[in-house]
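Quick notes on the structure that follows.
Just so it is clear, the structure is predicted and the values come from calculations on it, not from any experiment. All residue numbers refer to positions in the sequence shown, counting from 1.
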Amino acid sequence: MQSLSSLSLPRTLISAAVAGAFALVAVNASADLSSRYVDNDGDMVADVPSDESQQVDPDTLVFAYTPVEDPAVYADVWSGFLDHLSEATGKDIQFFPVQSNAAQQEALRAGRLHVAGFNTGGVPVAVNCGGFRPFAMMAAEDGSFGYEMEIITYPGSGIESVEDLEGRQLAFTSETSNSGFRAPSALLRSEYGMEAGEDFETAFSGSHDNSILGVVNEDYEAAAIANSVAHRMISRGVIDEDDYEIIYTSQTFPTTAYGLAHNLDPELAEQIQDAFFSYDWDGTALEAEFANSGEAQFIPITYEENWEVIRTIADANGVTYDCD
């Protein structure tokens with residue numbers, strides 16, 4: 001999203017070669033669906049079961065947003081939308097405050113989660129191992145979307161460039177995160193010849209919020225984060241823009257994908273998707289929160305097209321999906 005990039009340009013070192021680093025990897029990564037699913041239409045996601053007895057139509061739909069530092073805050077943020085979703089489907093809606101990416105993935109695989117927003121890097125895991133069917137993403141009013149991975153440090157850390165990370169500590173969020181692990185790992189390896197655990201120490205914070213606060217409080221020397229999270233934290237007054245410094249900004253990546261469990265009744269699935277695209281953001285808590293990162297609507301997406309660059313990064317890191 002252009003507006004996000006422009007916010008950090010004055011204090012960012014942007015490498016013109018970052019796109020080229022990923023272009024070296026084949027971009028036509030194929031799906032690696034669990035044997036529990038089929039993909040007869042070739043769109044890289046699990047098909048809805050053709051046997052109606054395998055389709056589910058629950059009385060209560062469980063919704064989860066990607067893990068954040070304070071899930072209670074986002075229960076309030078999503079409450080108006082979930083009321084709209086309830087009206088559109090005639091179902092009760094339960095907000096599931098997941099504490100980790102692993103817990104969210106397991107809930108999907110176990111059939112306890114029906115509608116969800118998965119973080120960028122977690123989407124391929126959810127698709128291949130949990131039968132996740134992504135269909136929407138947040139975007140700006142003009143249809144632009146995305147965020148950048150940034151590597152940040154605290155003022156006075158002595159880290160002024162990526163090269164300065166050698167021998168220091170870099171915090172990641174979780175191993176399934178795109179901007180919090182996979183993208184920076186591929187970047188540091190391909191552009192700088194730096195390997196985690198060899199050239200710099202690592203830590204895993206569990207979320208972007210934790211990584212950002214860890215840097216601001218000097219618990220971590222540096223961290224790889226999604227800048228959209230930082231922008232929202234600044235807008236809420238949780239941190240100040242001067243609390244950290246940016247030493248690297250990546251190309252733009254797709255943001256959180258919203259989607260469904262593959263085995264929902266098709267009529268219910270259509271109602272859920274319609275609810276996303278018919279939601280009026282004006283004056284809502286959702287608008288107030290996500291306007292901080294330039295987002296104002298839901299737009300349609302496909303996993304095959306919009307997650308191509310993410311699959312490429314995963315390939316660059318040697319990621320495989322041993323779901324069974």
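Side-chain N or O atoms of Ser79 include one that pairs as donor or acceptor with a backbone N or O of Asp76 at under 3.5 Å. Distance alone, capped at 3.5 Å, is enough to place a donor-acceptor pair between the Asp199 side chain and the Glu195 backbone. Side-chain N or O atoms of Glu245 include none that pairs as donor or acceptor with a backbone N or O of Tyr154 at under 3.5 Å. A donor-acceptor pair under 3.5 Å is formed between the side chain of Ser250 and the backbone N or O of Met149. In this structure, His231 contributes its side chain and Ser293 its backbone to no donor-acceptor pair below 3.5 Å. Using modelled atom types, one side-chain atom of Ser86 and one backbone atom of Lys91 make a donor-acceptor pair closer than 3.5 Å. Put simply, the side chain of Asp164 gets close to the backbone of Ser161: a donor and an acceptor are under 3.5 Å apart. With hydrogens and angles disregarded, no donor-acceptor distance shorter than 3.5 Å links the side chain of Asn317 to the backbone of Val319. A donor-acceptor contact shorter than 3.5 Å is absent between the side chain of His262 and the backbone of Pro49. Checked by atom type and distance alone, the side chain of Asn306 pairs as donor or acceptor with a backbone atom of Thr302 at under 3.5 Å.
Between Met137 and Trp307, the shortest heavy-atom contact is CE-CZ3, 3.6 Å. In terms of heavy atoms, Ala257 sits closest to Val123 at CB-CG2, 3.6 Å. Residues Arg182 and Ala314 come closest through the heavy atom pair NH1-CB, 4.3 Å. Of all heavy-atom pairs spanning Gly180 and Ser177, the tightest one is N-OG, 2.9 Å. Looking at every heavy atom in both residues, Gly130 comes nearest to Tyr37 through C-OH, 3.0 Å. Shown here for Tyr248 and Glu191, the closest heavy-atom pair between the two residues is OH-OE2, 3.8 Å.
Annotation: cation-pi pair Arg311/Tyr303 present, NZ/CZ under 6.0 Å from the ring centroid and within 45° of its normal.
For the pair Val238 and Asp209, the minimum side-chain heavy-atom distance is 4.5 Å or more. For the pair Ile151 and Leu165, the minimum side-chain heavy-atom distance is below 4.5 Å. Within the 4.5 Å cutoff, the side chain of Glu201 has no heavy atoms near those of the Glu221 side chain. Counting heavy atoms from C-beta outward, Thr66 and Asn101 have side chains that approach closer than 4.5 Å. Between Gln105 and Ser100 there is no side-chain heavy-atom pair separated by less than 4.5 Å. Side-chain atoms of Ile272 and Leu61, non-hydrogen and from C-beta on, do get closer than 4.5 Å to each other. Counting heavy atoms from C-beta outward, Asn263 and Val48 have side chains that stay 4.5 Å or more apart. Residues Ser34 and Asn128 have side chains not in contact (no heavy-atom distance under 4.5 Å, counting atoms from C-beta outward).
Residue Tyr321 is not grouped with residue Ile313 when hydrophobic side chains (ILVMFWY) are merged at heavy-atom distances under 4.5 angstrom, including chains of intermediate members. Leu113 and Val127 fall within a single hydrophobic cluster, where Ile, Leu, Val, Met, Phe, Trp and Tyr side chains are chained together by heavy-atom contacts under 4.5 Å. The same ILVMFWY cluster, assembled from side-chain heavy atoms under 4.5 Å apart, contains both Val73 and Leu286. Val38 and Leu264 are members of different hydrophobic clusters when ILVMFWY side chains are connected at heavy-atom separations under 4.5 Å.
Arg36 is linked by a salt bridge (charged side-chain N to carboxylate O under 4.0 Å, His left out) to nothing, counting only residues two or more places apart in sequence or in another chain. Looking at residues two or more places apart in sequence or on another chain, you find a salt bridge (charged side-chain N to carboxylate O under 4.0 Å, His left out) between Glu289 and Arg232, Arg236.
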Step by step, work out the side chain to side chain contact (heavy atoms under 4.5 Å, CB included) result for Asn210 and Thr173. CA-CA 8 Å; Asn210 291 342; Thr173 58; over 6 Å; no

Start with the C-alpha distance between Ile152 and Ile247, add both sets of side-chain angles, then the distance that settles side chain to side chain contact (heavy atoms under 4.5 Å, CB included), and finish with yes or no. CA-CA 6 Å; Ile152 64 171; Ile247 62 170; over 6 Å; no

Between Tyr244 and Thr153, is a side chain to side chain contact (heavy atoms under 4.5 Å, CB included) present by the stated rule, with each step listed? CA-CA 6 Å; Tyr244 65 94; Thr153 188; over 6 Å; no

Check step by step if side chain to side chain contact (heavy atoms under 4.5 Å, CB included) holds for Thr255 and Glu295. CA-CA 10 Å; Thr255 186; Glu295 292 156 327; 3.7 Å; yes

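Rounding to the nearest 0.5 Å gives a distance of 4.0 Å between CZ of Phe172 and OG of Ser185. Met233 contributes atom CE, which lies 5.0 Å from atom CD1 of Ile239 (distance to the nearest 0.5 angstrom). Here the CZ atom belonging to Phe200 is positioned 10.5 Å from the CD atom belonging to Glu166, to the nearest 0.5 angstrom. Taking CG from Asp265 and CD from Glu52, the interatomic distance works out to 8.0 Å, rounded to the nearest 0.5 Å. Atom CG of Leu213 sits about 9.5 Å away from atom CG of Asp243, to the nearest 0.5 Å. Taken to the nearest 0.5 Å, the CD atom of Gln271 stands 11.0 Å off from the OG atom of Ser278.
Summarising the local packing, CG of Asp59 is surrounded by 12 or fewer heavy atoms from other residues, nucleotides or ligands at distances under 6.0 Å. The environment of Asp322 atom CG is sparse: at most 12 non-hydrogen atoms of other residues, nucleotides or ligands sit within 6.0 angstrom.
With no hydrogens or angles considered, no side-chain donor-acceptor pair links Ser228 and His208 at under 3.5 Å. Side-chain atoms of Asn119 and Thr256 include no donor-acceptor pair closer than 3.5 Å.
Under the 30°/60° scheme for interplanar angles, the aromatic rings of Phe81 and Trp78 are found to stand perpendicular. Phe135 and Phe277 have perpendicular rings, their planes meeting at more than 60° on a 0 to 90° scale where under 30° would count as parallel.
Each of Tyr258, Phe145, Tyr279, Phe290 was compared with Phe298 under the ring-ring contact (aromatic ring centres under 6.0 Å, His included) criterion, and only Tyr258 meets it. Just one of Asn178, Asn227, Thr252 meets the side-chain hydrogen bond (donor to acceptor under 3.5 Å, both in side chains) condition when paired with Tyr147; it is Asn178.
Within the structure, every pair that satisfies the ring pair (Phe, Tyr, Trp, His ring centres under 6.0 Å) test and touches residues 91-126, not counting sequence neighbours, is listed here: Phe118-Phe132.
Aromatic ring centroids of Tyr74 and Tyr65 lie under 6.0 Å apart.
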